[in-house]
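Remember, it's 1-based here, ligands and their atoms both numbered in the order they're listed. No hydrogens, no waters, no symmetry mates; every other heavy atom, side chains included, goes into these values.
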Amino acid sequence: MYRLTCIECGREWDDEHYTCECGGLLEVRLNLDEIEVDFRLDGQNITVWKYRSLLPVKINPVTLREGGTPLYRAEKLEKEIGVRRVYVKHEGLNPSGSFKDRGMTVGVTKAIELGKKAVACASTGNTSASMAMYAAKAGINAYVLLPAGKVALGKVAQALMHGAKVIGIKGNFDDALRIVREVCGKEGLYLLNSVNPFRPEGQKTIAFEIADEIGVPDRVVLPVGNAGNISAIYKGFRELYELGIIDAMPKMTGIQAEGAAPIYRAFKERRDYIEPVENPETVATAIRIGNPVNARKALRAIYDTDGVAEIVSDGEIIEAQKLLAAKEGIGVEPASAASVAGLRKLADRGMIDPDETIVCVVTGNLLKDPETVVKVCGEPVTVEASVEAVLEVMKS
Ligand code: F0G
């Protein structure tokens, strides 16, 4: 059904490998002429596993009913930003509250298929929350490395409660990933970061779901951290295109935080490789990443589709988070709001045709990061337990 192929040298590997001897990333290449696609893009019964005929697993999936997230038309955003048609895909409504569940249902299923007894990852939070949840469902052990003090509380809470062994390291995400890759190699743990080629296979279903519901938009905008998701969504559209199911590709548009923007810098200089950022920093801790492992795939996605990369400041991110929450009723964490902040910036600069149909992918739920909310919105007012006191505050 598929081959696991190095994106740099084309060498093929078995399912146990994550990278090639040459250092290149591996990619699942489906044998598209052999595959019998057994779904129709009819907008019905949308879930990750509707698209099973394009997912490279052989056993029954470990599933918590992920996917099928709402794609909202955002009319107030359209007016505010000055673009004709904007949709927001709310990935925060997946079982663990982020898009990572799409990758984990496939990744943990693959772990079981390969007979693994334990999985591991480095994470800025959401990957660990999701992995812990699916490992719990599958009945295997989970080990998680986090940058200590830099992960939003809701995500740590999830990893802990779902029973993962959670280890904070005195370093950033890039350090954690380097260490966990080595530990997995030494200890035979199954690595479930997006360097694992089966993770993006689940995440590509975001593309399938968008195409299923509204066809191919002109542009897909999303936050970029380790750069797995933009690569995955691109791959999803590409497969539909190669199968002849769709006849156009959306412009892949990646948004990074100003303080953690190696992909943006590479794009600006039209490079196909990144120069890592030493000390990444941003309020959007989910994308506080200086050395994204999937950079090569992500840049290819952007260049191939005539897309762009852009940066936004922390202030712009929070403003977009508030806008989504207060005007559209869509509650997301800061990293997710980067997509909307980026769209607004590109539109303000005339870099987007106002007639475009655009999908912003918002990646994680508001509840993930309550501490930032309290910082930017303040604590609620507390008054005496009387009608008078309450009315006084209401009228003030
Ligand atoms: N948005 C959220 C909410 C995320 O958690 C992440 C990544 C991204 C966007 C960026 O996606 O890495 O595929 O480019 N979070 C990872 C984690 C790194 O460990 O949870 P990406």
Side-chain angles (χ1 to χ4, degrees), residues 25 89-94 96-104 107 120-133 144-147 150-152 154-156 158-159 164 166 172-177 180 191-196 199-200 202-204 206 220-235 252-257 260-264 274 280 282-295 297-299 301-302 309 312 317 320-321 331-342 360-369 372:
L25 295 166
K89 187 147 177 78
H90 196 349
E91 288 294 295
L93 296 181
N94 275 296
S96 82
S98 86
F99 71 99
K100 305 288 181 179
D101 296 343
R102 296 176 184 274
M104 285 303 167
C121 70
S123 182
T124 57
N126 282 322
T127 297
S128 64
S130 180
M131 190 189 78
M133 201 178 208
V144 164
L145 265 66
L146 305 176
K150 291 289 186 180
V151 176
K155 306 173 187 180
V156 184
Q158 288 178 291
V166 180
N172 60 31
F173 169 83
D174 304 299
D175 300 317
L177 183 54
V180 81
L191 178 66
L192 277 177
N193 280 101
S194 53
V195 62
N196 179 318
R199 271 269 317 274
Q203 288 171 211
K204 76 186 179 188
I206 293 177
V220 174
V221 188
L222 72 158
V224 172
N226 216 16
N229 208 29
I230 191 169
S231 318
I233 297 175
Y234 164 75
K235 187 174 192 284
M252 297 307 300
T253 301
I255 312 298
Q256 295 207 286
I263 304 258
Y264 164 78
I274 54 148
T282 166
V283 67
T285 50
I287 52 172
R288 185 176 169 272
I289 294 174
N291 189 15
V293 280
N294 297 295
K297 286 183 179 175
L299 286 163
I302 293 170
V312 288
I317 288 173
Q321 186 190 17
V332 302
E333 65 168 292
S336 309
S339 57
V340 171
C360 281
V361 180
V362 295
T363 43
N365 198 291
L366 170 70
L367 297 172
K368 293 278 189 173
D369 189 356
T372 299

Under a 3.5 Å distance rule, please check whether N193 uses its side chain to pair with a backbone N or O of A122 as donor and acceptor. yes
Among I263, N229, I287, whose side chain to side chain contact (heavy atoms under 4.5 Å, CB included) with V224 holds? I263
Nearest-contact summary for atom 5 (O) of ligand 1 - protein heavy atom, Å: N126 ND2, 2.8 Å
Sub-4.0 Å atoms of ligand 1 with respect to non-hydrogen atoms of V224: 14 (O)
Could you tell me whether S128 and ligand 1 have an N or O pair separated by under 3.5 Å? no
Quick check: does any side chain N or O of R288 sit under 3.5 Å from a backbone N or O of F173, one acting as donor and the other as acceptor? no
Could you tell me whether some N/O pair between N226 and ligand 1 is separated by less than 3.5 angstrom? yes
For atom 4 (C) of ligand 1, what is the nearest protein heavy atom, given as residue, atom name and distance? A286 CB, 3.5 Å
Less than 4.5 Å apart, any side-chain heavy atom of K100 and any of R199? yes
Would K155 count as being in polar contact with ligand 1, using the rule that some N or O on each side must be under 3.5 angstrom apart? no
Counting each atom of ligand 1 from 1 as listed, which ones have a heavy atom of T124 under 4.0 Å away? 15 (N), 16 (C), 17 (C), 18 (C), 19 (O), 20 (O)
Shortest protein contact, atom 13 (O) of ligand 1 (heavy atom only): N229 N, 2.8 Å
Considering all heavy atoms of both residues, which atom of N196 and which atom of L191 are nearest to each other, and what is their separation? ND2-O, 2.9 Å
Counting non-hydrogen protein atoms only, what is the nearest one to atom 20 (O) of ligand 1? Give residue, atom name and distance. T127 N, 2.8 Å
Taking only non-hydrogen atoms of S123 and a 4.0 Å limit, the atoms of ligand 1 in range are 17 (C), 19 (O), 20 (O)
For D174 and N291, indicate whether the former's side chain and the latter's backbone hold a donor-acceptor pair under 3.5 Å. yes
For I289, state whether at least one heavy atom is located under 4.0 Å from any atom of ligand 1. yes
Could you verify whether a donor N or O on one side chain and an acceptor N or O on the other, from S336 and T363, lie under 3.5 Å apart? yes
Say whether, by atom type as modelled, one donor and one acceptor occur between the side chain of Q256 and the main chain of Y264 under 3.5 angstrom. yes
For G228 and ligand 1, does the shortest N/O to N/O distance drop below 3.5 Å? yes
Hey, is ligand 1 close enough to A227 that some N/O pair sits below 3.5 Å? yes
Just by distance, do the side chain of N365 and the backbone of L367 share a donor-acceptor pair under 3.5 Å? yes
Tell me, please: is S98 in heavy-atom contact with ligand 1, that is, under 4.0 Å? no
Per-atom contacts, ligand 1 versus I287 - under 4.0 Å to a heavy atom: 8 (C), 9 (C), 10 (C)
Where do I274 and P292 come nearest, in terms of heavy atoms and distance? CD1-CD, 3.6 Å
S339 and V361, any side-chain heavy atoms less than 4.5 Å apart: no
How close does the nearest protein non-hydrogen atom get to atom 11 (O) of ligand 1, and which residue and atom is it? F99 CZ, 3.5 Å
How far apart are the closest heavy atoms of S130 and M104, and which atoms are they? OG-CG, 3.1 Å
Any N or O of G225 that comes nearer than 3.5 Å to an N or O of ligand 1? yes
I'd like to know if P223 contacts ligand 1, where contact means a heavy-atom distance under 4.0 Å to any ligand atom. yes
Who's the nearest protein heavy-atom neighbour of atom 2 (C) of ligand 1, and how far? T363 OG1, 3.3 Å
Give a yes-or-no answer on whether the side chains of N294 and S231 include a donor-acceptor pair shorter than 3.5 Å. no
Closest approach of any protein heavy atom to atom 7 (C) of ligand 1, naming residue and atom: K100 NZ, 3.0 Å
Checking the N or O distance criterion of under 3.5 Å, is ligand 1 in contact with E333? no
